[in-house]
Amino acid sequence: MILGLIHNRIAWEEKEIIEAAKRKGVPVKLLDSRNMEVDVTGDKCDYGVDVFLQRSISYTKGLYSTLVLEAMGYRVINSYKCQEICGDKLKTTIALKQAGLPLPKTRLALSQDAAIKALDKLGYPSVIKPLIGSWGRLVALLNDPTSAKAIIETRETLGDNIHKVYYLQEYVNHNSRDLRLFVIGDEVVAAMYRYVIPGDWRSNATIGGKTEACKVTDEIEEIAIRAAKATFSEIAGVDLLEGNGILLLNEVNHNPGFQHLATVTKVDIAGKIIDYLKENM
Ligand SMILES: Nc1ncnc2c1ncn2[C@@H]1O[C@H](COP(=O)(O)OP(=O)(O)O)[C@@H](O)[C@H]1O
Ligand SMILES: [Mg+2]
């Protein structure tokens with residue numbers, strides 16, 4: 001197998017994947033999505049690879065480089081279909097709901113007034129999220145109608161119409177932590193708790209959330225695998241929130257980082273990714 005690694009920056013994870021491939025005798029060709037320039041109406045471009053692994057951090061670069069490569073007949077993991085769903089919180093929620101998976105109560109509103117009405121139904125505190133985004137950016141806690149109104153009014157001025165699509169969610173009263181499960185194929189290969197950052201209410205490891213390895217119960221495993229399947233994810237970071245002992249799905253990350261997870265669990269995630277690609281290219 002020759003692996004094509006699509007990226008737009010070689011970070012810790014990409015270095016690990018390149019190292020693991022070397023150890024396992026898999027040649028790697030790097031494709032920087034920033035340098036891609038494709039004749040869409042012309043002949044198929046021969047990249048000389050058997051399968052591509054999509055690791056672009058930029059959502060749009062990842063999405064569109066996958067689209068053109070798939071159009072040429074290449075297999076890309078994760079697929080365009082997966083990225084389109086997982087890159088958008090509303091599309092993810094709909095896919096998970098259709099699969100019958102447990103979710104925090106979530107409402108969509110398309111104007112300021114409708115958003116305030118939706119929040120009255122959800123109650124306070126609740127959470128507002130941008131449809132597209134990660135690392136907790138622009139995800140805000142709405143404590144009461146006054147702060148909700150202020151945040152919604154600010155978003156109306158942000159220019160981009162996508163910010164006027166209001167994805168609103170009940171606040172899940174969890175134990176100051178969420179769960180990150182790393183799925184590869186039909187297996188949860190590693191799992192950790194991520195604790196809420198002091199002085200914040202979010203637990204993203206990238207903004208400083210403390211992490212701890214977590215035991216994977218059958219229940220956790222089943223939810224994570226079903227969530228990955230529902231979103232067509234072959235490799236995924238599935239996030240769960242536990243409120244009053246009930247597990248709820250927060251999101252499915254289609255291009256998950258794994259530096260914190262690999263460090264805290266000591267699982268060779270990059271090696272497992274290469275094994276999966278070899279078996280499923
Ligand atoms: N409904 C919720 N209730 C409680 N905490 C939440 C809720 N949604 C998100 N969070 C917290 O905020 C963090 C960021 O939200 P998330 O939906 O994962 O957005 P992002 O894609 O930016 O990571 C989560 O890791 C979690 O700690
Ligand atoms: Mg998240």
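In listed order, ligands and their atoms are each counted from 1.
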**Prompt:** Just checking, K81 and F232: is the charged tip under 6.0 Å from the six-membered ring centre and within 45° of the axis?
**Reply:** yes

**Request:** Going by the side-chain contact (heavy atoms from CB on, under 4.5 Å) test, name the single residue among T265, V189, I269 that passes it with F258.
**Result:** I269

**Request:** Identify the two heavy atoms, one from S65 and one from M36, that lie closest to each other, and give their separation to 0.1 Å.
**Result:** CB-SD, 3.4 Å

**Request:** Taking atom types as modelled, find out whether N253 and D239 have a side-chain donor-acceptor pair closer than 3.5 angstrom.
**Result:** yes

**Message:** Let me check your reading of the structure: within less than 2.8 Å of the Mg ion (ligand 2), is there an N/O/S atom from D239?
**Reply:** no

**Prompt:** Do the charged groups of R75 and E234 touch, with an N to O distance under 4.0 Å?
**Reply:** yes

**Message:** Ring centres under 6.0 Å, that's the criterion: do Y124 and Y171 meet it?
**Reply:** no

**Prompt:** Under a 4.5 Å side-chain heavy-atom rule over Ile, Leu, Val, Met, Phe, Trp and Tyr, are Y193 and V196 clustered together?
**Reply:** no

**Prompt:** Hey, which residues fall under 4.0 Å of ligand 1 on heavy atoms?
**Reply:** K89, V127, K129, G133, S134, W135, G136, R137, V139, Q169, E170, Y171, V172, H174, D178, R194, W201, R202, S203, N204, L241, N250, E251

**Prompt:** Which single N/O/S atom of E251 lies at minimum distance from the Mg ion (ligand 2)?
**Reply:** OE2

